[in-house]
Structure formats: structure tokens, C-alpha cells
S.K.: 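Dropping the structure in here first, questions after.
Owing to the predicted nature of the structure, the values given are computational and were not obtained by experimental measurement. What's counted below: heavy atoms across the whole structure, side chains too, no hydrogens, waters or symmetry copies. All residue numbers refer to positions in the sequence shown, counting from 1.
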Amino acid sequence: MTELQEKIIKLKKDKNAVLLVHNYQRTEIQEIADYLGDSLGLAKEAAKTDADIIVFCGVMFMAETAKILSPKKTVLLPENDAGCPMANMVTANDVIKLKNQHPDAKVVSYVNTNADVKAVTDVCCTSSNAVEVVKNIDSDKIIFTPDQNLASWVQRFVDKEIIVWDGFCYVHDKISVEEVIQAKENMPDAMLLIHPECKKEVADLADRVGSTSDMIRFAKESDTKRFIVGTELGLIERLQRENPEKEFYSAGTVKICQNMKKITLDSVYNSLFFNKYEIVLPDRIMKSAKKSLDEMLKYQ
Ligand code: 13P
Ligand code: SF4
């Protein structure tokens with residue numbers, strides 16, 4: 001443990017703060033997490049914590065989600081500009097227009113959206129529960145925003161009409177069929193784990209498609225010793241740390257989410273010390289967005 005890590009742990013104890021950390025954060029931040037997990041796990045933790053302050057080490061939509069689920073808590077994002085580009089690919093107006101065009105459809109939005117999009121959404125989902133949400137929602141016609149790749153993954157499991165928005169994650173969408181095939185040829189004994197934000201043709205090659213936490217569970221329980229992993233570096237580092245007897249390789253070149261990596265130990269310390277950057281959202285948006293998030297939390 002470094003001196004700075006120890007200082008952060010002491011400060012968060014003094015301030016009754018909790019550190020919620022996404023799997024793509026830097027290793028030194030993962031090491032001091034109170035809870036480390038995927039988007040769904042983090043949302044659930046945010047909803048039930050009894051800490052006074054949530055320091056969210058992730059990106060803006062995750063911190064906003066925490067605020068909406070725990071409106072009375074102070075929620076801090078250590079870097080104000082740690083956003084998710086995919087979340088900015090659809091606006092509330094885009095969704096309203098689609099709803100007007102398809103009045104009989106229900107709207108499912110990936111949790112990777114801004115709060116005002118959640119406010120005009122029927123049910124949010126994460127990559128962990130997207131299939132269950134779409135299966136169970138009370139409509140055979142779904143508007144799904146913003147991730148086209150997650151939508152196409154969901155479509156394999158449901159016999160419903162899905163109207164797909166054309167957003168994508170620049171980190172996962174970069175993983176190419178060619179580099180995955182090459183990695184499989186280099187390591188024919190390895191299993192291929194792929195995140196559903198990857199392109200359909202890449203997911204087609206996978207032994208397992210799942211959220212970051214699903215990959216962790218799967219790799220831990222599997223007898224396989226080598227894995228090729230199609231997701232962001234932070235998760236691959238966690239897999240290797242927690243399973244030292246196994247080997248984990250990136251699917252092709254290492255993929256890094258620059259937005260997730262904006263947060264450093266220094267910014268976490270400053271965040272706690274100066275109470276910055278506090279998430280503040282309009283009440284009206286929070287109330288409507290909470291409905292779609294509460295619905296999401298009903299699904300595993
Ligand atoms: P999960 O951790 O929920 O799989 O999400 C991945 C992601 O890209 C979050 O931005
Ligand atoms: Fe957004 Fe992709 Fe980064 Fe996740 S990995 S925060 S979806 S850009």
C-alpha cells in the first residue's frame with residue numbers, strides 16, 4: 001500500500017465516505033475500493049450504502065446514476081470531465097422524436113446515457129441484465145438506445161422488434177474480427193471472453209459474451225487456464241491479479257478507455273478533501289430518471 005493510498009483510506013473513514021470503483025479504473029484505485037464492480041453492481045451499491053459521501057471512480061453517467069438512486073447523499077466524481085462518449089451519442093430529444101414515431105414502443109436505454117435520457121426512458125439496463133429487461137418489458141416493440149452492438153446482442157435472445165439507435169463505444173467497437181481471429185490462432189487452447197459492446201461479428205466468435213463482472217465470475221469458475229479478453233485493460237488487470245495461476249491476454253492490441261483513466265489517486269484524494277466535483281441534477285429530471293433506474297434494479 002502506498003502512502004497516498006493510506007491517506008485516502010484514512011480520509012474516507014474520517015468523512016464516512018465510500019469509494020465505488022468500476023472495473024476499468026486504474027489498478028491503484030481498484031486496490032482501495034470499498035466496492036469494485038460492473039455498472040449494475042455499482043448502481044446497486046449506490047442505492048443501498050449508508051455512507052454520507054459516495055466518491056465514484058468511473059465516468060459521469062455512473063456518478064449521476066448513483067446520485068439519482070441516492071439523492072440525499074453527496075456524490076462526487078473526482079474528474080469533472082470523465083464522461084462516456086457513448087452517453088453523448090443520444091439526446092432526450094432524439095428519444096422523444098422516436099417515441100412520437102413509434103407510440104406503441106417502450107424505451108429501453110443502456111445505463112450509459114445522460115440523466116435527461118433516463119428521464120424519458122421506460123426501463124434502463126446494463127450489459128448484465130439487458131436481455132432480461134427486453135424479454136420482460138410489457139411490449140413487443142422496443143426502442144433501444146444508444147448502443148447498437150448491445151442491441152444486436154439482445155436481439156439474438158428475443159423475438160421482439162427492436163428499433164436500434166446507432167451509438168457505440170469507441171473502445172469496444174475498435175476490437176476487430178481480424179485481431180481476434182489472430183489471437184485465437186496464436187492460442188488455440190484459450191477461451192475467448194467478449195463484452196457485448198463489441199461488434200456482432202466479434203461476439204459471434206466468443207466462447208462467452210458478458211459484462212465485466214460476468215467475465216470475472218466465468219474465468220474464476222472455469223477450468224481453462226488461458227483467456228483472450230475482449231474488453232478494457234482495467235478488467236484484464238483485475239482478472240490477472242485475482243487469478244494468478246491463469247493467464248489473460250487482450251484480444252489484439254490493448255484497449256484503453258481514456259475517459260475511465262482520467263481519475264488518478266491524486267484526484268481521488270483531492271475529491272475527498274475538497275468535496276469535488278459534486279453531482280447536482282435538477283429535481284424534475286432526477287424523479288423521472290429514478291423510475292427507469294428503479295425498474296432496472298429489479299433485474300439481475
Ligand atoms: P459493465 O462493467 O457493466 O460491463 O460496463 C462496461 C462499460 O463500458 C461501462 O462503461
Ligand atoms: Fe463509455 Fe466505452 Fe469508456 Fe465504457 S468503455 S465508459 S462505454 S467509452
Side-chain angles (χ1 to χ4, degrees), residues 7-25 29-30 32-84 87-88 92 95 107-126 128-129 133 213 259-260 262-263 267-300:
K7 275 170 78 178
I8 293 170
I9 291 170
K10 179 169 183 319
L11 192 54
K12 75 181 163 70
K13 213 184 232 168
D14 292 347
K15 297 187 94 165
N16 190 26
V18 71
L19 218 64
L20 302 188
V21 179
H22 186 265
N23 287 320
Y24 296 160
Q25 289 288 292
I29 296 173
Q30 294 194 16
I32 53 167
D34 291 296
Y35 180 86
L36 172 62
D38 69 356
S39 311
L40 186 61
L42 287 161
K44 286 183 176 166
E45 281 300 311
K48 71 175 192 211
T49 183
D50 51 15
D52 295 323
I53 300 173
I54 297 171
V55 180
F56 211 111
C57 299
V59 287
M60 182 61 89
F61 77 80
M62 296 179 175
E64 284 185 352
T65 298
K67 180 68 189 176
I68 294 162
L69 290 170
S70 270
K72 295 209 163 69
K73 312 267 172 200
T74 300
V75 178
L76 306 173
L77 181 67
E79 292 289 343
N80 213 10
D81 63 347
C84 167
N88 294 327
V95 175
V107 180
V108 175
S109 292
Y110 197 18
V111 72
N112 301 40
T113 42
N114 295 318
D116 57 347
V117 169
K118 292 183 173 78
V120 292
T121 287
D122 293 298
V123 188
C124 289
C125 70
T126 75
S128 280
N129 64 8
V133 167
S213 289
N259 311 68
M260 283 279 180
K262 283 187 177 162
I263 296 176
S267 57
V268 175
Y269 182 80
N270 286 334
S271 171
L272 266 166
F273 193 85
F274 295 108
N275 267 7
K276 67 180 192 183
Y277 294 90
E278 187 171 354
I279 304 292
V280 182
L281 291 164
D283 276 349
R284 185 180 50 83
I285 300 270
M286 291 226 282
K287 270 199 189 115
S288 307
K290 189 166 187 304
K291 286 185 202 150
S292 58
L293 283 170
D294 284 341
E295 280 302 305
M296 172 183 93
L297 294 183
K298 292 181 182 165
Y299 300 93
Q300 278 307 309

S.K.: Identify all side-chain donor-acceptor contacts of residues 76-83 below 3.5 Å with residues at least two apart in sequence or on another chain.
M.R.:
unit_1 : atom_1 : unit_2 : atom_2 : d
E79    : OE2    : S267   : OG     : 3.2

S.K.: What verdict does the side chain to side chain contact (heavy atoms under 4.5 Å, CB included) test give for T126 and N129, after you've listed the backbone C-alpha separation in whole Å, the side-chain angles of each residue and the deciding distance to 0.1 Å?
M.R.: CA-CA 6 Å; T126 75; N129 64 8; 3.7 Å; yes

S.K.: Could I get the full list of side-chain hydrogen bond (donor to acceptor under 3.5 Å, both in side chains) partners for K290, not counting sequence neighbours?
M.R.: D294

S.K.: List for me each residue that meets side-chain hydrogen bond (donor to acceptor under 3.5 Å, both in side chains) alongside D14, sequence neighbours excluded, and say none if there are none.
M.R.: K10

S.K.: Side-chain contact, heavy-atom cut-off 4.5 Å: V55 with I8?
M.R.: no

S.K.: Could you walk me through whether V107 and V95 pass the side chain to side chain contact (heavy atoms under 4.5 Å, CB included) check?
M.R.: CA-CA 8 Å; V107 180; V95 175; 3.9 Å; yes

S.K.: Please list, one pair per line, the donor and acceptor atoms closer than 3.5 Å that link side chains of residues 59-69 to other protein atoms, with sequence neighbours excluded.
M.R.:
unit_1 : atom_1 : unit_2 : atom_2 : d
E64    : OE1    : A115   : N      : 3.1
T65    : OG1    : F61    : O      : 2.7
K67    : NZ     : P71    : O      : 3.0
K67    : NZ     : K73    : O      : 2.8

S.K.: Is there side-chain contact between L20 and C57, with heavy atoms separated by less than 4.5 Å?
M.R.: no

S.K.: Distance from S271 atom OG to Y277 atom OH, nearest 0.5 Å?
M.R.: 9.0 Å

S.K.: Is a side-chain N or O of S292 found less than 3.5 angstrom from the main chain of D122, in a donor-acceptor match?
M.R.: no

S.K.: Tell me whether E278 contacts the main-chain N or O of T74 through its side chain, where contact means a donor paired with an acceptor under 3.5 Å.
M.R.: no

S.K.: Rounded to the nearest 0.5 Å, what's the gap from CG on L11 to CD1 on I9? Could you check?
M.R.: 11.0 Å

S.K.: Verify side chain to side chain contact (heavy atoms under 4.5 Å, CB included) between F56 and L42, making sure each step is shown before the conclusion.
M.R.: CA-CA 9 Å; F56 211 111; L42 287 161; 3.8 Å; yes

S.K.: Is K276 atom NZ crowded by more than 12 heavy atoms from other residues, nucleotides or ligands, each under 6.0 Å away?
M.R.: yes

S.K.: For a quick test of reading the model, state the closest non-hydrogen atom pair linking K15 to F273 and the distance between them.
M.R.: NZ-O, 3.6 Å

S.K.: As a quick check of understanding, evaluate side chain to side chain contact (heavy atoms under 4.5 Å, CB included) for E45 and V18, giving each step before the final call.
M.R.: CA-CA 10 Å; E45 281 300 311; V18 71; over 6 Å; no

S.K.: Measure from the side-chain N and O atoms of T49 to the backbone N and O of A46, and report whether any donor-acceptor pair falls under 3.5 Å.
M.R.: no

S.K.: Between atom CG of L19 and atom CD1 of I29, what is the distance when rounded to the nearest 0.5 Å?
M.R.: 8.0 Å

S.K.: Using a 4.5 Å cut-off on heavy atoms from C-beta on, say whether the side chain of Q25 contacts that of L36.
M.R.: no

S.K.: Kindly assign one of parallel, tilted or perpendicular to the pair H22 and Y24, based on the angle between their ring planes and the thresholds 30° and 60°.
M.R.: perpendicular

S.K.: Taking side-chain hydrogen bond (donor to acceptor under 3.5 Å, both in side chains) as the definition, give me every residue that meets it alongside N259, ordered by chain and number, with sequence neighbours left out.
M.R.: Y170

S.K.: Go through the structure and list residues passing salt bridge (charged side-chain N to carboxylate O under 4.0 Å, His left out) with K44, not counting sequence neighbours.
M.R.: none

S.K.: Using the side-chain hydrogen bond (donor to acceptor under 3.5 Å, both in side chains) criterion, which residues pair with K298? Sequence neighbours excluded.
M.R.: E295

S.K.: Going from CG on L297 to CG on L40, what distance comes out if it is rounded to the nearest 0.5 angstrom?
M.R.: 6.5 Å

S.K.: Excluding sequence neighbours, so at least two apart, what forms salt bridge (charged side-chain N to carboxylate O under 4.0 Å, His left out) with D34?
M.R.: K12

S.K.: For K291, check salt bridge (charged side-chain N to carboxylate O under 4.0 Å, His left out) against everything at least two apart and list the hits.
M.R.: none

S.K.: Mind checking salt bridge (charged side-chain N to carboxylate O under 4.0 Å, His left out) for K13 and listing every partner two or more places apart, or none if nothing turns up?
M.R.: none

S.K.: List for me each residue that meets side-chain contact (heavy atoms from CB on, under 4.5 Å) alongside N16, sequence neighbours excluded, and say none if there are none.
M.R.: A51, D52

S.K.: Can you see which heavy atom on C124 is nearest to which on V133, and at what distance?
M.R.: O-CG2, 4.0 Å

S.K.: Once side chain to side chain donor-acceptor pair (under 3.5 Å) is applied, what residue pairs with a partner in residues 107-119 remain, sequence neighbours excluded?
M.R.: N88-N114, S109-T121, S109-T145, Y110-E197, T113-K118

